[in-house]
There are 2 protein chains.
Amino acid sequence: MTTAKRTGLSSASLATVAAKAGVSISTVSRVVNGQTHRASAETVEKVRQVIAEVGYRPNHVGRSLRRQESRLVAMLVANLDNPVMATIAASTEAALRDAGYVMFLCDTHDRADLQDDYLYAMRSHGVQGYVLVACVPSPGLKEFSEGGVPIVFVSRRNPCGEGAFVGIDNIRAGADAADYLWSQGIREAAALYPLQGSTVTRDRAAGFCDRLLSLGVPSDKILRLTAPGLSHKDVGYLAVRDLLTAGRQWPPGIMCVSDQIAYGVYRAAREANVVIPDDCTVVSIDGNALNAWLAPWLTSICVPHGDYGREVVELLLSLWNGAGLSERILQHQLGLPTQLQVDIPLKSL
Amino acid sequence: MTTAKRTGLSSASLATVAAKAGVSISTVSRVVNGQTHRASAETVEKVRQVIAEVGYRPNHVGRSLRRQESRLVAMLVANLDNPVMATIAASTEAALRDAGYVMFLCDTHDRADLQDDYLYAMRSHGVQGYVLVACVPSPGLKEFSEGGVPIVFVSRRNPCGEGAFVGIDNIRAGADAADYLWSQGIREAAALYPLQGSTVTRDRAAGFCDRLLSLGVPSDKILRLTAPGLSHKDVGYLAVRDLLTAGRQWPPGIMCVSDQIAYGVYRAAREANVVIPDDCTVVSIDGNALNAWLAPWLTSICVPHGDYGREVVELLLSLWNGAGLSERILQHQLGLPTQLQVDIPLKSL
DNA sequence: CTGAAAGCGCTTACAG
DNA sequence: CTGAAAGCGCTTACAG
């Protein structure tokens, strides 16, 4: 029990079972691993009995060391507190579990040094794959992406080289947002994005502006608003507040590169007595499930974050099987604000 | 490289370093573990050089097996997609990391069978502690809570016995919600909670109703509304919708045992053309950070989920040091809706 | 100051 | 059909 307290391991080991069953460790091991044809029926039966009796479960640490395979995967996320990341983490965890793997979860707080710390720590733990959600460039990442253990990049492509990838076409998502505003009769709009953004936010903003231009909106009617950002909510809030402070008009259409930015806009609008959607149509990209409940004023392009996990695991499996790097571009979809997406049967009370 | 691909381990082992440095494995091990006084200065120097050269990092699997200590902790959450859980997970991960531990994250989807699967799987991996967020009763939990590796229960107490605990005083939180509505002049109110709730939701509802009674509100002015629930949002939505369907009045005050339930109420109100907060004051318990941005109509009792991680880790450390089971009851706090809690400096553009 | 040896729990050729 | 032995990478008495 003292041992169990320190180690976290059940006390029963192969040796315990072997002794109780009066057979060798090898034999127990074979039974545990399903090689029942390698022992007599009685032996198998006896061993199984003892296993059940003492509640034996194989120790993964010993097994990992011997097999040189841990069945462990590390997920590094930029910020677990962000609902987008949480959804991706949840779906990946479920998919890994179904495939027989266990997930380490590491929150890098968008910091290159922490990302590297985790990369090395996870290697020490013998993980067989990495899932990097919205990673940042770092020396360690460069080293790791040059070979060795498979890495799947999610949302954001490898900033330090090539890599397998799961995400959407951000340029098209931005363009679709532009089409939506255009379809609403809007001929003047602002794109809101973080100042120190990644390719993701830049692509979304670029796709939006380019499409408006090609629809014939003059470039002086396309505002590019940005703010330095701790969080995206702050970015949205600051970008439009500064616009007002500068004495400019609130634009009739706004595209936010993330839902969080739109939430910031909403707060700024409230403070400025601007009514959304009456005075201004807001469209964003992400499609947080909460929007249908809390933000009926928002139209959002839905990104299927809940499907990412399945794709990530399929990609990992293919990489383990020796396949080359590949990309999985999932389809986004415009979600209309009035169309509540959850259908609830009336059956209570 | 083939090995590295399969194992995820860097190829350099103690043996590699020892060979390159022309010393024994024992000596390298001592240097790695900082026992520099156990070797001559030149030897230490030489070994360090080789370590840096080949980029050696100790293999945790080998170390865990030998030391019988993994520095691994398992967190089991009921549903990672719930922002409350995500915040708790994020804060715990950070605190564990600071203490030198790595976290497995397991999503039990509120299912007893999955919870048990994970409990046993994590034991196989040699975890030294468990953090159970909103766990459900299960046979495995009963077994595990009877001894062995420390468990910290978060939000919800151990439903199968005793246990260390981190959470708030839910009865008081409910009472505080009642006091708030009372202070707003409300003398008739409804409590909304899920039909198949835990002690958490029941305590919050009971604390609320009891306080209203003791304030002098007659019991027929205290409505208890509930609905069978997939998600809390659905619960809130269904509970009030059914009320209207039954031809009853929308109550002037509503207490939701969670923010998510309040979000459901908001949607139902919108569909019924009820204006919150003009027609109805809503108070809830949780204090999601998003509320200040998206739900200005909501007053919420803030639970310090972001502080849970620190408390959890302190509790784990104390348990490892042989301390007895204890509880950490954190303080909740009423957050007013008009009072935006984030102060943003105006410094952009 | 340094190294050979045992052993953590497991798997797997190999021999019988 | 079964077991003794080697070894995954590490740590740690023990001997010198």
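Order of the sequence lines sets the chain letters (A, B, ...), proteins ahead of strands, with each chain counted from 1.
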Apply salt bridge (charged side-chain N to carboxylate O under 4.0 Å, His left out) to the pair B/Glu146 and B/Lys142, showing each step before the final yes or no. CA-CA 6 Å; B/Glu146 274 158 9; B/Lys142 190 159 165 42; 3.3 Å; yes

Evaluate the side-chain hydrogen bond (donor to acceptor under 3.5 Å, both in side chains) criterion for residues A/Asn33 and A/Arg63: first the C-alpha distance (whole Å), next the side-chain angles of each, then the deciding distance (0.1 Å), finally the verdict. CA-CA 11 Å; A/Asn33 290 292; A/Arg63 182 177 274 181; 3.3 Å; yes

Please assess A/Glu143 against A/Arg123 for the test salt bridge (charged side-chain N to carboxylate O under 4.0 Å, His left out), listing each intermediate value before the final yes or no. CA-CA 12 Å; A/Glu143 179 192 338; A/Arg123 184 164 74 178; 3.6 Å; yes

Kindly indicate, with the supporting measurements, whether the criterion side-chain hydrogen bond (donor to acceptor under 3.5 Å, both in side chains) is fulfilled by A/Ser13 and A/Thr16. CA-CA 5 Å; A/Ser13 65; A/Thr16 319; 3.1 Å; yes

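Here A/Phe104 and A/Tyr118 keep their ring centres 6.0 angstrom or further from each other.
More than 12 heavy atoms of other shown residues, nucleotides or ligands fall within 6.0 angstrom of atom CD in A/Gln35.
The distance from atom CG of A/Leu65 to atom P of D/dC10 is 9 Å, rounded to the nearest whole Å. Atom-to-atom, CZ of B/Arg57 to P of D/dC10 comes out at 13 Å; the value is rounded to the nearest Å. Here D/dG7 presents its P atom at 18 Å from CG of B/Asn59, a figure rounded to the nearest Å. Look at CD on B/Gln68: it is 10 Å from C1' on C/dG7, rounded to the nearest Å.
At a non-hydrogen distance threshold of 4.0 Å, B/Ser40, B/Thr43 from residues 40-54 of chain B come into contact with DNA chain C.
A/Met75 pairs in a side-chain contact (heavy atoms from CB on, under 4.5 Å) with only one of the listed residues (A/Val152, A/Val133, A/Val312, A/Val154), which is A/Val133.
Under the 6.0 Å distance and 45° angle rule, B/Arg57 counts as a cation-pi partner of A/Tyr120.
If you check the side chains of B/Ser24 and B/Thr27, you find a donor sitting under 3.5 Å from an acceptor.
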Any chance you could encode DNA chain C as dot-bracket? Rule is Watson-Crick or G-U wobble with both distances under 3.5 Å; [ ] for pairs crossing earlier ones, | for another strand. |||.||||||||.|||

If a protein heavy atom is under 4.0 Å from the base, mark B; if only from the sugar-phosphate, S; if neither, -; do that for nucleotides 11-16 of chain C going 5' to 3'. BBB---

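Both A/Gly62 and B/Gly22 lie near DNA chain C, and the one whose nearest nucleotide falls closer to the 5' end is B/Gly22.
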